[in-house]
Amino acid sequence: MAVSGSAEPSTAAAGARDAPAGRMAGRRALVTGGVSGIGLATVRRLRAEGAQVVTLDRRPPGPDAPTGDRTAHVAADVTSPPQVAAAVREAARLLGGPADVLLNAAGVYRIRPMLDLSAAEWDETLAVNLRGPFLVGQAFAAALIEAGLPGAIVNIGSTAALVADAAEPSAHYNASKAGVLALTRQMAVEWAPHGIRANAVCPGVIDTPMLRLMDNPAAGQAYLEAGVPLRRLGTADEVAAVIVFLASTEASYLTGVAIPVDGGSTAI
Amino acid sequence: MRAVVTGAARGLGEAVAVRLAADGASVALIDIGREVERTAGRISPASEAGQVIGIVADVADETACDAAIAQAAGALGGVDALVNNAGVGGPDTHVVDTAFRDFWRVVQVNLGSAFLGSRAAARIMIEQGSGGAIVNIGSIFGQQGVAGGAGYCASKAAIALLTHSLALELAPHDIRVNTIAPGNMATEMHWDELRSRAAASGTTFEQQVDRVLRGVPLRRHGTGADVAGAIAWLISGDASYVTGQTIGVNGGVWLS
């Protein structure tokens with residue numbers, strides 16, 4: 001994989017506007033959960049703006065994953081400390097230096113009323129969604145701090161961290177995402193002296209494989225009309241555009257914030 | 001992109017206008033001070049594609065604000081984005097020592113101008129039928145109170161809920177409304193406040209600067225460019241699913 005950060009013509013899908021080519025040139029990005037959904041959309045956008053990207057996921061890249069000399073993959077389980085440590089080291093080798101952009105997008109979503117929720121299912125969700133960003137964030141920051149380099153972390157929260165949801169009961173998921181926002185603020189404060197910023201996006205109803213809202217199209221459409229001021233699903237590209245803004249130097253004075261990308265649903 | 005920036009003669013408003021013009025937007029700068037015309041003149045050569053004009057008006061006055069936004073829309077051929085940046089500080093006194101007119105003046109200018117500017121621009125945007133974006137300028141002091149800042153804090157907190165309500169009303173027209181809440185910015189308004197705090201507490205200006213920075217995790221004041229970068233993103237298609245939010249640009253100061 002080339003270490004050069006020079007922008008190359010990219011066939012990757014741009015985000016919601018023409019990507020400012022080269023805004024991320026020279027950046028080394030690590031994306032967990034980067035093989036599908038918001039993670040994959042962000043990988044494409046990062047590449048389109050000139051970054052090198054390593055994806056970290058239990059799953060292998062799918063057939064629609066971008067390929068080329070600025071993309072690589074490492075297989076790891078974000079809940080395993082030794083696997084995370086090895087993966088972050090391997091990513092640094094592939095990138096030609098420690099990653100200076102981290103997107104923690106690996107996550108699981110399960111609907112389960114609390115009376116039926118087992119402790120094992122609670123633990124599994126908390127492990128992937130909260131322990132994962134902690135472990136990867138810790139390894140990412142340690143490597144950057146040792147190298148004396150600045151960087152940026154973006155975590156994926158959720159509007160479920162901000163409001164409850166009676167239609168899709170998911171206490172374990174909601175609690176994990178609220179934890180992610182607290183983790184983000186703590187990362188911001190503890191690592192600001194090292195020039196590392198940490199922010200979160202809180203996606204609302206986004207058209208990804210994780211979305212359950214539209215399983216019942218009529219009910220889903222009714223929700224969009226009543227619950228989302230912009231009256232439509234968001235796209236993974238729209239979330240990726242916010243993530244890359246937060247990771248870029250355009251956001252150099254933003255740290256510790258959580259930005260809902262939800263069509264205004266939490267404004268109701 | 002046709003953008004209107006209020007309070008644009010200097011400081012944050014000027015920085016925002018400079019950035020939007022550099023991105024190729026046509027920009028109308030509105031300010032109560034006549035120097036806004038010189039500011040627009042300075043920015044003009046830097047603009048890649050668009051035109052840059054200065055309009056002298058008091059956007060806290062209903063008639064003047066309506067006329068200024070209409071003039072801007074006429075000159076630019078429409079309005080796609082409005083940045084409600086006009087505002088004043090003060091009165092820097094405790095409530096028990098504050099005259100009502102001084103308290104009210106801050107609320108009237110900061111909140112009133114955001115209401116009037118948004119209303120005038122939204123009417124035009126709805127008529128155009130092509131969506132749009134409005135960005136209001138809140139403050140860290142609209143998110144937490146400060147002794148001696150009741151008027152300013154209340155005005156900025158009110159802007160967050162004005163934003164919230166406007167976002168809901170304008171979403172069907174694909175007009176997004178958000179607030180950027182700067183923290184401690186390297187502006188004359190902030191330095192004046194620190195000078196007055198120093199005078200009131202028998203300390204030095206430098207001691208006051210140091211005290212502020214101890215509360216900022218990123219250990220620096222914000223700049224116009226910091227805020228302009230966030231606003232350029234927020235009015236772009238890159239924020240197309242973001243509306244009704246108040247977003248801090250404060251170096252992490254809200255946190256600790």
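Just so it is clear: chains get the letters A, B, ... in the order the sequence lines come, proteins before strands, and each one is counted from 1.
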Q.
Quick test of your reading of the model: are B:Asp238 and A:Arg45 salt-bridged, counting only N-O distances below 4.0 Å?
A.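 So B:Asp238 pairs with A:Arg45 through a salt bridge.
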I'd like to check [X] versus [Y] (side-chain heavy atoms, cut-off strictly below 4.5 Å). Are they in contact?
X        : Y        : value
A:Phe245 : B:Val242 : no
B:Trp233 : A:Val242 : yes
A:Ser252 : B:Arg220 : yes

Q. Which of the residues A:Ile206, A:Val201, A:Asp262 is involved in the greatest number of heavy-atom pairs with chain B at under 4.5 angstrom?
A.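 Most pairs with chain B among the choices: A:Asp262.
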**Q.** Choice from A:Arg231, A:Glu190, A:Arg232, A:His194 maximising heavy atom contacts with chain B below 4.5 Å
**A.**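 Ranked by heavy-atom pairs under 4.5 Å with chain B, first place is A:Arg232.
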(Q) At a 4.5 Å cut-off on heavy atoms, which part of B:Ile247 comes close to chain A: side chain, backbone, both, or neither? (A)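 Just the side chain, heavy atoms under 4.5 Å.
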In terms of heavy-atom proximity below 4.5 Å to chain B, should [X] be classed as side chain, backbone, both, or neither?
X        : value
A:Val244 : neither
A:Leu230 : both
A:Arg197 : side chain
A:Thr266 : both

(Q) Out of B:Leu234, B:Thr243, B:Thr246, return the one with the most heavy atom pairs under 4.5 angstrom to chain A. (A)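 Top count of heavy-atom pairs under 4.5 Å with chain A: B:Thr243.
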Heavy-atom pair of closest approach, residues [X] and [Y]:
X        : Y        : answer
A:Gly264 : B:Leu168 : O-CD2, 4.4 Å
A:Ala192 : B:Leu218 : CB-CD2, 3.8 Å
A:Ala267 : B:Gly244 : CB-CA, 4.2 Å
A:Glu250 : B:Gly229 : OE1-CA, 3.9 Å

Q) Take atom CZ in B:Arg119; do more than 12 heavy atoms of anything else shown fall under 6.0 Å from it? A)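 Yes, CZ of B:Arg119 has more than 12 neighbouring heavy atoms, counting only those of other groups under 6.0 Å.
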Q.
Looking at B:Asp226, is its backbone amide N or carbonyl O close enough to the side chain of A:Tyr253 to form a donor-acceptor pair, meaning the two atoms are under 3.5 Å apart?
A.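 Answer holds: no.
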